[in-house]
Each structure stands twice: as structure tokens, then as C-alpha cells.
Protein chains: 2
Amino acid sequence: MTDFLYPSKWLSKASAGDRVTCELRMRIISGLIESGAIISENKLAADFAVSRSPVREALKVLASENIIRLERMGAVVIGLTEKEIEEIYDVRLLIETFVFERLVRMDVTELVKELSKILEMMKVAIKYQDADEFSYQDLLFHETIIRSINHSYMLMIWNNLRPVMESFILLSMRARFQEKYEDFDRIIKNHKLYIEAIQTKERTLMVQSLHQNFDDVQGKVDDLWMSQQMLSKGVETEND
Amino acid sequence: MTDFLYPSKWLSKASAGDRVTCELRMRIISGLIESGAIISENKLAADFAVSRSPVREALKVLASENIIRLERMGAVVIGLTEKEIEEIYDVRLLIETFVFERLVRMDVTELVKELSKILEMMKVAIKYQDADEFSYQDLLFHETIIRSINHSYMLMIWNNLRPVMESFILLSMRARFQEKYEDFDRIIKNHKLYIEAIQTKERTLMVQSLHQNFDDVQGKVDDLWMSQQMLSKGVETEND
DNA sequence: TCAAGTATACTTGTATACAAGTATAATAAA
DNA sequence: TTTATTATACTTGTATACAAGTATACTTGA
């Protein structure tokens, strides 16, 4: 059995179904379970030492996230290619510009304070080289912005996107902490710019920040591939 | 027991879980199950004469659609207020403008042909006063446009939105066929304009069409309320 | 009358059992 | 050797059973 890829401390109060969902998602996005592979409920249940009920639940969720496809016999792994990652960021760009347009008509002092706090947390996470914590705060940063406009359907989209992004970011950040430590300065700077854009409500700053964020995606994609290669090398011998 | 609100012919090959999901969604959005009500798995299972397994499945789906909220004891019905309907159309506007921007860089002859076909179908549905069929074709129209750009995450958003919209449109169209028959001329005209916008790739036409579509939403909302009132009157005596 | 503790009737989450259907493999016939 | 048919070993979807936890109501004590 492979070790768990998903941070175990994030699952302290989670059900077996949630555990399987999160871990399976990580294994798929990391490439540990290869795209095109066929996974069956029974096999997964045996793998995770649980019954089919939580596994079924997990497969339903992952299918709604578009990383597997449920067929008559077994589920087919879709995974996350470069194209899909770009598409995710298309959606994020769409959501976040929408949110920004709402924010310019709102009082943002509370939000800016909250974001500043999260930014501090991110810095601490970097200082202690805690990739998982950094990923968590990074996601929280964007989620906080989206939540602030109280738009249940924008939040719904975010909630659908979130888990896949979480996996993706976790993996790429873990790789970056090992290889490209200096990147984090840029990420922090960009988030600071983001806060500034919200505070001043200047569209130009916002566009600038989003673009920089975009440029960063290519880096993330590279790191995901790196992470996938690292993992596949690590388990090469375990594949029966 | 109440009659089924969801078109039974759309469920010919569906599982018990799907049946419960669709029917429950209709009952919630129609207001037959009131917002704020607490529904439990056991009770629903008894109501639908199935076991808890398909009911659980249904509740998970409806929770991801934001029309119920899963709590420790029982699920709380959220329903669909005017605010949420507006929000859904915010998302649709966002998606469809994005799609349009992609379409202007594509060959749209195939798409336009397909859309024209669907428009014809819609006309037939009107002629025979088939509200359900009309709703189906209306949704298919927009889904076809979105599918055409091959963007899996835009499609994902659509798929998350679709079921709620389906219920909403079904109910409002049924009401309209009874009360505001002349509205359909306008709807058809607007869809024709939409096709034209795609064909000519003119943004001005597109904006015009989307705006008209928007104006129509208010009408739809009115009709949903009407439908809710009609239904609640119909079942008044059945409430124990 | 009121407070604290206990019983009870719920709830969810998971495991298991079973029915119905489908692909693969093995067997029989040409 | 190839084709048709039957077995078998899978698959999913649903029902049921059980464990653990939670709110409500009731009882008991002061």
C-alpha cells in the first residue's frame, strides 16, 4: 500500500467516504493512478479497507469534478491534463473578475483586513516550509474573496472547483518548496497586489494581478509534472 | 401521495436514485416542500417507497446544487428565492459570454445548423402546447452552444447549474402555456437573434440577445411564483 | 417548581447481502 | 480454424442491518 498523499490532519473529523474521496483525488491528480485506468468499486474498497458505500460516494463526487467518468463497468480515470488546468484558470478568472466588479460597490475594509491576516499566515507557512499549510492559506485567500460578495452560485462554482484545485496546488507547492523556493516571494508579492487592487478598487491593478497569477499557472503546471514524475519513480517497484 | 412533478418519460431508464433526485428537486423548487422544512432520509425513503441508499444519493446531489443543506440531523430545505434565480442568470451570462468569445474564433456552421434544428423543435413544441418538450429543447439549445467549444470546466459549471434550471424552466413554462401563450413568440424571436449573433459573430447582437433573455427572467420568476401558488392550492387539503 | 440526569426515539455513516445485468472466457458445433 | 453458445466472474444499484452519536422527553431528586 502507498502512503497517503492527502494531509491526514485535514481529515481529523472526516468520514470514511471523505477520506477515500480526498485520497483518491490526490492519487489521480498526482498521476499515481494513471489517466485511462479503470477502477472498480470493489477493488477500491479493498484497497482502502472500507465497504463499497463510502467508495461509491467518493466516485460520485469525483465524477462530478470531472476527474473520473462513471461507465457501466468500472470508472475510467480522466485525470488532469494541461488543457484542463488552463480551463480551471479560465473559470477562476471569470469568477474573480465578476467578484471584483461586485466588490467595487461594497465596503471592503473588513475583507482587506481578513486578507491581510491570511497573507501573514502564508508568510509564516513559507518561513517554516510548510507546503500544506501554505496551500491551505492560498486557497482560503481566494475563497474569502469569493465568499465576501454573498453570491451562492458563484460560491457553488468555487466549491465544485475547489477540491481539484486543492489537490493540484498541494502537489505543485510541495514540489516548489523543494526546488524553487524563490518563487514564493513572487506569489506573496502578487497576493499583496491583489489586496491592494481590492482596497483601491482599481481595475488596472486587478487585471495586472490576475495576469501575474496566470503566468504563475504555467509554473504550477511544470511543478505538477515534476511531482508526478517524482511520485511515479517512487512507486515504480510497487506496481505489480 | 402527491403526483409526480417531473416528466416520467424522462426517467424511463433512470435508477431509483435519479428518480428521487429529480422528483425531490421539483418538489423543492416548486415550493411543494417549503423552504426551511427539515427532511430526513428515513421519511423520504418511506415517501418514495425506496430504501435509504437512493435517498442518500439524492440528498448529496441536491446539497451540491445548493437547494438543500445537509446538517447533523436531517437536511434543511433552502429552495429557490428570487435572489438565487438572479444569481443563476449571473452565472449563465458569465458562461455564455465566455463561450461567445471562443465561438468568434471558430467555425460555427455546424453549430448554427444544429441550433436551427432545435429552434424548429421548439416551435413544434409550442404548436402542440407541450411545455415539457419545449423546456427540454430550450435547455438543449443552450447546452449545445456550451458544448460546442469543448471546454470541460465550462461544461462542468453548466452541468451543476442544469438540473435546477431544468426544474425552474419546467415549472415556469407549464404556467406560461396556460396563462401567457403570447410570450413564446418573443422567446422564439430571441433565440433566433441568438443564432444570428453566433452566425455573424457580432458582439452587439449577442449583448442584445442576452439582455432580452435577461428581461425574460423576471417573467419566469413571476411564473414560478404563480406555479407555486397553483400547486400549494392544489395540495392544501392533502397536508396533514 | 425547577434542575439534573436518564431513557428513548430519532439521526447519520458504514457494512453486508442480494438481484439484475454485462463482459470475458471457455466450450461445443460446424 | 472459425463461429455460436453457454458459464462464470465480474459489474452496478438497492435493500437491510448495525453501530455510534444526538436531540427530545421524561423521570427523579431537591
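The sequence lines fix the lettering, A, B, ..., with proteins before strands; numbering per chain opens at 1. It should be emphasised that the depicted structure is a prediction, and the values quoted were computed from it without experimental measurement.
Counting 5' to 3', DNA chain D first comes under 4.0 angstrom of a heavy atom of chain A and last does so at the ends given by D:dC10 to D:dT14.
Nearest heavy atom pair, residue B:Ser12 against residue B:Arg19, reads O-NH2, 3.9 Å. Considering all non-hydrogen atoms of both residues, B:Ser64 and B:Val61 come closest at OG-O, 2.8 Å. Across every non-hydrogen atom of A:Ala16 and A:Val50, the tightest pair is CB-CG1, 4.2 Å. Residues A:Ile78 and A:Ser35 share a closest heavy-atom pair of O-OG, 3.0 Å.
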Q: Using a 3.5 Å limit on both pairing distances, list the dot-bracket string of DNA chain D from the 5' end; Watson-Crick and G-U wobble pairs count, crossing pairs take [ ], interstrand pairs take |.
A: ||||||||||||||||||||||||||||||
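For the residue pair A:Asn42 and A:Ser40, no side-chain donor N or O sits within less than 3.5 Å of a side-chain acceptor on the partner.
Dense packing is recorded around CZ of A:Phe141, with more than 12 heavy atoms of other residues, nucleotides or ligands lying under 6.0 Å away.
The side chain to side chain donor-acceptor pair (under 3.5 Å) check on A:Thr81 picks up A:Glu84, with sequence neighbours excluded. Residues forming a ring-ring contact (aromatic ring centres under 6.0 Å, His included) with B:Tyr6 (at least two apart in sequence, or on another chain): B:Trp10. In this structure, the ring-ring contact (aromatic ring centres under 6.0 Å, His included) partners of B:Phe184, at least two apart in sequence or on a different chain, are B:Phe134, B:Phe177. In this structure B:Lys117 satisfies the side-chain contact (heavy atoms from CB on, under 4.5 Å) test together with B:Glu114, sequence neighbours excluded.
Applying a 4.0 Å cut-off to non-hydrogen atoms, the residues of residues 54-64 of chain B that approach DNA chain C are B:Arg56, listed by residue number. Remark: B:Ser40, B:Glu41, B:Asn42 in residues 36-45 of chain B come within less than 4.0 Å of DNA chain C through at least one heavy atom. Contacts between residues 12-21 of chain B and DNA chain C, counted as heavy-atom distances below 4.0 Å, involve no residue at all.
Pairs engaging residues 53-65 of chain B under the salt bridge (Lys or Arg N to Asp or Glu O under 4.0 Å) rule: A:Glu57-B:Lys60, A:Lys60-B:Glu57, B:Arg25-B:Glu65, B:Glu41-B:Arg56 [sequence neighbours left out]. Within the structure, the salt bridge (Lys or Arg N to Asp or Glu O under 4.0 Å) test picks out the following pairs touching residues 125-134 of chain A (sequence neighbours left out): A:Asp132-A:Arg174.
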Pairs under 3.5 angstrom only: tabulate donor-acceptor contacts from the side chains of residues 144-158 of chain B to other protein residues two or more places apart or in another chain.
| unit_1 | atom_1 | unit_2 | atom_2 | d |
| --- | --- | --- | --- | --- |
| B:Thr144 | OG1 | B:Leu140 | O | 2.6 |
| B:Arg147 | NH1 | B:Glu143 | OE2 | 2.3 |
| B:Ser148 | OG | B:Ile145 | O | 2.6 |
| B:His151 | ND1 | B:Tyr153 | N | 3.4 |
| B:His151 | ND1 | B:Met154 | N | 3.1 |
| B:His151 | NE2 | A:Asp90 | OD2 | 2.8 |
| B:Ser152 | OG | A:Glu87 | OE1 | 2.4 |
| B:Trp158 | NE1 | B:Glu143 | OE1 | 2.9 |

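Nearest-nucleotide assignment on DNA chain C puts the 5′-proximal partner with B:Glu71, out of A:Ser51 and B:Glu71.
Checked for salt-bridge contact, B:Arg27 and B:Glu23 meet the test: a charged N lies under 4.0 Å from a carboxylate O.
How far CE of B:Met122 is from CD1 of B:Ile118: 9.0 Å, rounded to the nearest 0.5 Å.
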